[in-house]
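Letters A, B, ... mirror the listed sequences (proteins, then strands); counts begin at 1. Below, all heavy atoms of this structure are taken into account, side chains as well, without hydrogens, waters or symmetry copies. Bear in mind that the values here come from a model prediction, so they are computed numbers and not experimental data.
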2 protein chains.
Amino acid sequence: MCDFHPIPELQKHGSFLENVVDILFKNVVFTTNLSKVVLWKHPEDLKKTFDFSLDQHGTSHEKLLALIKNTIKFSVKTGHLYFINQLFSGLDPYGLAGQWLTDALNASMYTYEVAPVFTLMETTVIQEVCRMVGPDWQDGMFCPGGSMANGIAIHLARFKYNKSIKHCGASGMPRLVMFTSEESHYSTHKFAAFLGIGEDNVIGVKTDDVGRIIPEDLERTIAEEQEKGGVPFMVVATMGTTVRGAFDPVEDIFVICRRHGLWLHVDAAWGGGLIFSQKHRSKLNGIERANSIVINPHKLLAVPQQCSLLLLKDKAILKQCHSKGAEYLFQKDKYYDQSYDPGDKHLQCGRKCDVFKFWLMWKAKGSSGLARHVDAILETAEYFESQIEARPDYLLVSRRQFINVCFWYMPRYLQGKTDAVKECGEQLHKVAPQIKAVMVKHGSVMIGYQPLKEFPNFFRFVSQNSALSFKDVDFILDHISEIGRAIFQ
Amino acid sequence: MCDFHPIPELQKHGSFLENVVDILFKNVVFTTNLSKVVLWKHPEDLKKTFDFSLDQHGTSHEKLLALIKNTIKFSVKTGHLYFINQLFSGLDPYGLAGQWLTDALNASMYTYEVAPVFTLMETTVIQEVCRMVGPDWQDGMFCPGGSMANGIAIHLARFKYNKSIKHCGASGMPRLVMFTSEESHYSTHKFAAFLGIGEDNVIGVKTDDVGRIIPEDLERTIAEEQEKGGVPFMVVATMGTTVRGAFDPVEDIFVICRRHGLWLHVDAAWGGGLIFSQKHRSKLNGIERANSIVINPHKLLAVPQQCSLLLLKDKAILKQCHSKGAEYLFQKDKYYDQSYDPGDKHLQCGRKCDVFKFWLMWKAKGSSGLARHVDAILETAEYFESQIEARPDYLLVSRRQFINVCFWYMPRYLQGKTDAVKECGEQLHKVAPQIKAVMVKHGSVMIGYQPLKEFPNFFRFVSQNSALSFKDVDFILDHISEIGRAIFQ
């Protein structure tokens, strides 16, 4: 492509980049015919195998290309159908094209001046998602991940409680307390610590048998904290919890928040993509009651990492809370109206463009295409659950609420036993880790496991790859059974 | 490349991606022969010109490719030689290759399990940069930008002051105060607000005539704040301030910090890349005295956005301060030692891989190649300054400390006047914005301007593109003069 270039140095760089693209096409982008999700190496073995070293002298293109091939060889293929390990997977061609363009333009999102197309595109996407949430939704921002987005929501809620905190800090404040499900994402705790609220002031609310907040327990904990002198200021509800995919009863929680004057934040990082699905949108009913929402298009919608949206009802609060007006960036005497510059309402200064890949996917597929994607994944999850129920060597942890199917593989000696989970919990706890280790060493399937509350280790099926078929589900379960039989019988 | 693929859908996607790469090569990656840095449109005109709309239905590949071309057409070419507008520029082919591979593998950096090569690579790069700083340097983390990295440093400093804050929050604490140059980056204030410290508790220390902290003023402000009941806990020094590129006298500041028991953080986001240069490394003397340092390889070293490193002396503090031990990610019964998982010491959960592009550039060029890059940029800056001094229609704002050359274009009626800046400040203030507007509308050169302290608007030259030659400097200054003459005479 670059043979025409008159400068030899650039010609050399051009052919290097062409070679890299060729390697990526052949070894990463189209992975359907790759046999392994991962070529497992123990960390210490990988250190010996891969040349990580850095030194004074440069490296030839030939060697660099070999290193690139090795990087791919020993990396996990997160785009592989059988990578069902996290709340992200798949490799969308439009998303990837969007990323590649974003990288080539290497923009930073503080000003219209530096990122004219991308800043307006952000506004379009934020407005469009706001419109889908409800008529009162006005503003938003892209954040470097859902944890940060949740953190900013907490910050805004505290600012709403008392605006003087921006200037004076929290040291003179009463002890503020916030409430969230005992199954909510750990970012709430991490950012409560970061913000100077303190993790102990994040009060865990009990969940029911499928993982949803019990509103009565929220009421009880609020009263209890008030008695202890704490000042409640917000509730973080979850729509799509990390492990069980549960949806908190947001309508009921909203009524409690309204009564106590609390900010309601909905962490829909995982569940929020449902907003595109006519069929399943109702799972998000009540989300519009919130003051703030987090939706991660990089999860359910399979946008490449990272793409995380914080949405707000209050149009003014981001600017009020974050603005600092640095004059080297946001000059007041610009050749265009400074209100087109989004940077001052953000916490980051330089900020990578996360919108383009999402916009391009949305443009390519239309809202209807994204809906089909979501519906297909849910159909697969439904089938996965039905298979768990149908197969004698599997047991469901709790009723499926969303994509997540939580299940135990039951070795033969535990099958059919009533109360096997309770009575043989210690043995069962060791089953998933052993099976997982074998699968990873085979490189066949990557699937996550974890304990939760009183439950011993169980597997969690999640996929965001709409190409995963019923046949694949059968393969995965047959495969786990096979390994399970080999280990435990 | 993908013609061989047996699945027609993937064949179609393959040829779409090939087309995108082709467009990127021809229109973005090799821009030396592009005439314009930007094709300027007013925001409202761009809205009419570019089809931002999103709707129900998808879009054909043909239309998508046209939209991609338009995105490029109306975006700023930050890789263009004459983009000297921000503290980032240039488009390194190895950096870009690294980004493209990172995107294709779409890893998340929480666990070795999901990102085996990249997590070990992070350790290598962090250890190597630590080694270059000094023997006591032990740990670090990649952050989504320098602002966030500075924020985390403040968080760690406060945690060091009183560890109970992680659990109990700041509400019972005394009023903590911190100190930084009145010319330091605004992120310190933004994150002091975010962390619940409060912006008013960030005390600005006076700077000298070239923009460096005056140590005596630091002493004075510390005493003053103590008298008012504030509790000093940290100083943020800067090595390479945003506007003037000044280096605070870190050795002197360290002595003050030691006497008062304060955490010393050095924001070397801009200047830190000097660590590679034998010739200029001494500008960073004393940096090893700090408790924490921020270096942004995406600035001076021209690594693509984002690549920001926070380094620490204390090996244990990140884990102590941030750890939450979420069991769905950091299982204690893993098939490998959990200590290889970096995620728990971070605030982010999902985290994009920022290391690979940096590692690949380093590997490709060697430390010596990065040194040559830094030395070349400094040589150009030196020439730029000498030209400002040699040309009658230019005036230096203050002596150059680093890359940044801060200067006024002086319309003829102000040339040669002593005290022109003081006496005609109001008129001079309007000069840079007017020239800038013309340049952007031409699309010829993008260069930043801002006021600072008592100085009216002035231009700031910065470049991270080692291909910028003396001839380019002459062109840029001739060009500004030409526009200046046309407007003001």
Side-chain angles (χ1 to χ4, degrees), chain A residues 1 13 20-21 24-25 28 43 52 54 56-59 71 74-75 78 93 97 99 103-106 117 124 128 144-145 147 166-171 173 175 186 193 196-198 200 243 304-306 324 326-328 333 335 340 348-350 352 362-363 365-369 433 437 450, chain B residues 1 13 20 24-25 28 43 52 54 56-59 71 74-75 78 93 97 99 103-106 117 124 128 144-145 147 166-171 173 175 186 193 196-200 243 304-306 324 326-328 333 335 340 348-350 352 362-363 365-369 433 437 450:
Chain A
M1 291 169 198
H13 288 160
V20 172
V21 169
L24 292 178
F25 270 113
V28 192
F52 288 101
L54 295 163
Q56 273 303 109
H57 304 292
T59 305
T71 302
F74 296 112
S75 285
T78 64
Q99 279 274 36
D103 295 336
L105 285 171
N106 197 30
V117 179
T124 305
E128 194 58 24
S147 290
K166 179 178 180 180
H167 288 279
C168 305
S171 82
M173 294 276 156
R175 183 173 63 86
Y186 68 88
I197 290 165
D200 292 356
V243 177
Q305 308 248 8
Q306 286 185 326
K324 189 75 194 110
E327 287 192 296
Y328 79 95
D333 43 18
Y335 47 98
Y340 290 101
Q348 292 175 284
C349 177
K352 208 172 148 88
W362 195 340
K363 194 85 184 170
K365 299 166 188 231
S367 304
S368 62
Q450 63 285 302
Chain B
M1 290 168 199
H13 287 159
V20 172
L24 292 177
F25 271 112
V28 192
F52 288 102
L54 295 163
Q56 273 304 108
H57 304 293
T59 305
T71 301
F74 295 113
S75 286
T78 63
Q99 279 273 36
D103 295 337
L105 285 171
N106 197 32
V117 180
T124 305
E128 194 58 25
S147 290
K166 180 180 181 181
H167 287 279
C168 305
S171 82
M173 295 273 156
R175 184 173 63 85
Y186 69 88
I197 290 165
E199 326 185 326
D200 292 355
V243 176
Q305 308 247 9
Q306 282 184 330
K324 190 71 195 113
E327 286 192 294
Y328 79 96
D333 42 18
Y335 46 98
Y340 291 101
Q348 293 176 283
C349 178
K352 210 174 144 90
W362 195 342
K363 194 86 187 171
K365 300 166 187 227
S367 305
S368 61
Q450 64 285 300

Identify the two heavy atoms, one from [X] and one from [Y], that lie closest to each other, and give their separation to 0.1 Å.
{"X": "A:Lys324", "Y": "B:Tyr186", "result": "CG-CB, 3.9 Å"}
{"X": "A:Gln99", "Y": "B:Asp103", "result": "CB-OD2, 3.4 Å"}
{"X": "B:Gln56", "Y": "A:Ser368", "result": "O-OG, 2.7 Å"}
{"X": "A:Lys352", "Y": "B:Gln305", "result": "NZ-O, 3.3 Å"}
{"X": "A:Ala104", "Y": "B:Val28", "result": "O-CG1, 3.3 Å"}
{"X": "A:Phe52", "Y": "B:Val117", "result": "CE2-O, 3.4 Å"}

Below 4.5 Å, heavy-atom pairs only: which of [options] has the largest tally toward chain B?
{"options": "A:Gly169, A:Ala326, A:Pro304", "result": "A:Gly169"}
{"options": "A:Ala170, A:Cys168, A:Ala97, A:Ala193", "result": "A:Ala170"}
{"options": "A:Gly145, A:Ala437, A:Gly369", "result": "A:Ala437"}

Report yes or no: does A:Ser147 contribute a side-chain atom to a donor-acceptor pair with the main-chain N or O of B:Gly350 at less than 3.5 Å?
no
Once rounded to the nearest 0.5 Å, what's the spacing between atom [atom1] of [X] and atom [atom2] of [Y]?
{"X": "B:Thr59", "Y": "A:Lys365", "atom1": "OG1", "atom2": "NZ", "value": "12.0 Å"}
{"X": "B:Ser171", "Y": "A:Met173", "atom1": "OG", "atom2": "CE", "value": "10.0 Å"}
{"X": "A:Gln306", "Y": "B:Gln306", "atom1": "CD", "atom2": "CD", "value": "9.5 Å"}
{"X": "A:Glu327", "Y": "B:Gln450", "atom1": "CD", "atom2": "CD", "value": "9.0 Å"}
{"X": "B:Ile197", "Y": "A:Lys166", "atom1": "CD1", "atom2": "NZ", "value": "15.5 Å"}

What part of A:Leu24 gets within 4.5 angstrom of chain B, counting heavy atoms only: side chain, backbone, both, or neither?
side chain
Contact part of A:Tyr340 toward chain B, heavy-atom cut-off under 4.5 Å: side chain, backbone, both or neither?
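Looking at A:Tyr340, just its side chain touches chain B.
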Pick from B:Glu128, B:Gln348, B:Arg175 with the largest number of heavy-atom pairs that fall under 4.5 Å of chain A
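The candidate making the most pairs under 4.5 Å is B:Gln348.
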Just so I understand: if I count every heavy-atom pair under 4.5 Å between each of B:Leu105, B:Asn106, B:Thr78, B:Val20 and chain A, which residue has the most?
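Ranked by contacts with chain A, first place is B:Asn106.
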